[in-house]
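The next block holds one structure in the form of structure tokens; read it before the comments.
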There are 2 protein chains.
Amino acid sequence: MDTTQRTDQQRSADRRRRELLEAADRVVLRDGPQASMNAIAAEAGITKPILYRHFGDKGGLYAALAKRHTDALLDSLRAALDAPADRRERVESTLDTYLAAIEARPQVYRFLMHPAEGGQVGDQGFDVGKHSAPLLRRMGEELATVIEERLDLGPGSQQLARVWGHGIVGMMHAAGDWWLGERPCSRAELVRSLADLLWGRLAAAGDKMGGPGF
Amino acid sequence: MDTTQRTDQQRSADRRRRELLEAADRVVLRDGPQASMNAIAAEAGITKPILYRHFGDKGGLYAALAKRHTDALLDSLRAALDAPADRRERVESTLDTYLAAIEARPQVYRFLMHPAEGGQVGDQGFDVGKHSAPLLRRMGEELATVIEERLDLGPGSQQLARVWGHGIVGMMHAAGDWWLGERPCSRAELVRSLADLLWGRLAAAGDKMGGPGF
DNA sequence: ACGTGCGTGTTACTAGCGGTAACCCTAGTT
DNA sequence: AACTAGGGTTACCGCTAGTAACACGCACGT
């Protein structure tokens, strides 16, 4: 019952936990999201049951791992979003921050977007919805609150802000994913194009004559 | 060498293939993307090796299965996109078509968005990029061509159209996914909000006074 | 000094997966 | 009658996630 002792134990456990997470990180960075518990345990220099004692199951480990990276990325996104500049500049800088991150560490990115997904047991209920990567959801909600705080959207602003938050994040995600695969242009061009889209250039563009029909 | 015979065989094989795909469809609809080859074979009333003879591996089966649904969905999207109406109406109708589809059959939707992903062998190369669901990519490209065909975007229009295609599809996808999970509003409201976003209401909105800092 | 827990670690196992090799059996050809 | 060609099955491999059961070490109370 001595609290000192408990604290000692807990600190030790926490340190272990961090070591394990770093080992897992290395393996995921090397092997991608398919990294097996065996491989992670081996990298950490221990055996599987220890991993399971610390994280419960694979999902637990992956969640813990994802939280670290997600928190880090969200921090830099918040910084870009909070910079003292006009709206367009802030949007572009946020987009660029995100794209730079996924460009710099695509393995981590892939892991965050497709966490585990495997697991042949349980999941019978199937949980439709909420199957999207937690990172996307968190970014969407985060952006929604920022939008709702900063922008004057009239009635129904809360709902609107959330739709926009998730929508914009999804736009950024899909475009980034495609861009990362094909590299059809520079990061700066991509940022500009996306910002243009958000700035209504789609609606403002003129029709091309000679199209089919009307 | 008789062509008739060959045709007979091929027709028989095709029919079998369709039967297998329909069985697979039922299982996926019931068990989600985790559906095992064993379960699919059982549902079809046969055993695993036959599945493998027809589709090569799990990826092959899933690809064939996904292609059917993807083609169907893309057809209805094209119809909505090609309807004789003004741009805003067409955009809204396309969004609504997509959302109605994922709302009607969420299991299929989930399967299309997270195909397999498992597989403990191979994949060492890791294929960064192109890991996004093929459906998203195809929708993005499709939309890109429509945009490029219809809109007059000035220089660099091709690049711009592709970025927008993938971006808009991603927006639709993420918002739809979130909406499907939380159901925070009606489909019509969601469609309106997204169209508003595309129509530049984000850029047009006024700042909220009393915000932090500037 | 001596058990007695308790935390930490291991080995060895289960159940199920994707995938395949080997066999089997029936139909049609020569 | 003998032989081949497909469609089908059984039985297996190697791998995975996850767990039960056992073994060491170190602080404790008596």
Side-chain angles (χ1 to χ4, degrees), chain A residues 1-20 23-24 27-28 31-65 114-124, chain B residues 1-2 4-20 23-24 27-28 31-65 111 114-124:
Chain A
M1 300 257 190
D2 187 356
T3 42
T4 315
Q5 200 174 13
R6 280 204 109 172
T7 305
D8 269 10
Q9 283 180 198
Q10 204 155 9
R11 287 212 313 188
S12 159
D14 279 10
R15 252 189 37 207
R16 194 55 127 210
R17 193 184 158 91
R18 234 167 312 171
E19 287 173 17
L20 297 186
V27 176
V28 165
D31 296 354
Q34 309 291 347
S36 80
M37 295 298 265
N38 257 325
I40 294 174
E43 169 73 30
I46 45 99
T47 50
K48 271 195 299 181
I50 303 186
L51 278 183
Y52 283 94
R53 287 228 248 272
H54 272 269
F55 300 102
D57 63 353
K58 192 175 183 174
L61 200 176
Y62 275 36
L65 206 52
H114 293 274
E117 188 76 17
Q120 54 265 20
V121 77
D123 297 341
Q124 196 74 0
Chain B
M1 299 256 193
D2 188 356
T4 315
Q5 201 173 15
R6 279 203 108 174
T7 306
D8 270 11
Q9 283 179 199
Q10 203 156 8
R11 286 211 315 190
S12 158
D14 279 10
R15 253 187 39 208
R16 194 53 126 214
R17 194 185 159 92
R18 234 169 310 172
E19 288 173 18
L20 297 185
V27 176
V28 165
D31 296 354
Q34 308 291 346
S36 80
M37 295 298 264
N38 256 324
I40 293 173
E43 169 74 29
I46 45 100
T47 49
K48 270 193 301 178
I50 302 188
L51 278 183
Y52 283 95
R53 288 228 245 271
H54 272 268
F55 300 102
D57 63 354
K58 191 177 184 173
L61 201 176
Y62 275 36
L65 207 52
F111 165 72
H114 293 274
E117 189 74 19
Q120 55 264 20
V121 79
D123 296 343
Q124 196 75 359

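Naming: A, B, ... by sequence-line order, numbering from 1 per chain.
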Separation of [X] atom [atom1] from [N] atom [atom2], in whole Å?
| X | N | atom1 | atom2 | value |
| --- | --- | --- | --- | --- |
| A:Leu61 | D:dG18 | CG | C1' | 13 Å |
| A:Gln34 | D:dA17 | CD | C1' | 13 Å |
| A:Asp31 | D:dC15 | CG | P | 14 Å |
| A:Ile40 | D:dC15 | CD1 | C1' | 16 Å |
| B:Asn38 | D:dT9 | CG | C1' | 13 Å |

Nearest 0.5 angstrom please: [X] [atom1] to [Y] [atom2], how far?
| X | Y | atom1 | atom2 | result |
| --- | --- | --- | --- | --- |
| B:Asp31 | B:Gln34 | CG | CD | 9.5 Å |
| B:Glu19 | B:Ile46 | CD | CD1 | 10.0 Å |
| A:Ile40 | A:Leu20 | CD1 | CG | 9.5 Å |

Quick one, which residues of residues 44-55 of chain B touch DNA chain D with a heavy atom under 4.0 Å?
->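 B:Ile46, B:Thr47, B:Pro49, B:Ile50, B:Arg53, in order of number.
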Examine distances only and state if a side-chain atom of A:Tyr62 and a backbone atom of A:Asp57 form a donor-acceptor pair shorter than 3.5 Å.
->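 Not a single qualifying donor-acceptor pair exists.
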Under the salt bridge (Lys or Arg N to Asp or Glu O under 4.0 Å) rule, what pairs show up with a residue in residues 39-50 of chain B, not counting sequence neighbours?
->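 Applying salt bridge (Lys or Arg N to Asp or Glu O under 4.0 Å) to every pair that reaches into residues 39-50 of chain B, excluding sequence neighbours, yields B:Arg26-B:Glu43, B:Arg30-B:Glu43.
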Kindly determine whether A:Leu61 and A:Met37 satisfy side chain to side chain contact (heavy atoms under 4.5 Å, CB included), including the steps that lead there.
-> CA-CA 9 Å; A:Leu61 200 176; A:Met37 295 298 265; 3.9 Å; yes
Which angle, to the nearest 10 degrees, lies between the helix axes at the two ends of the helix from C:dA1-D:dT30 to C:dT30-D:dA1, each defined by five pairs?
->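 What I find for the helix from C:dA1-D:dT30 to C:dT30-D:dA1 is an axis angle of 30°.
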Residues two or more places apart in sequence or in another chain: which of them pass side chain to side chain contact (heavy atoms under 4.5 Å, CB included) with B:Arg17?
->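 Checked B:Arg17 against side chain to side chain contact (heavy atoms under 4.5 Å, CB included); matches are B:His54, B:Phe55, B:Ala64.
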Verdict with reasoning, B:Leu65 to B:Phe111, per side chain to side chain contact (heavy atoms under 4.5 Å, CB included) = CA-CA 10 Å; B:Leu65 207 52; B:Phe111 165 72; 3.9 Å; yes
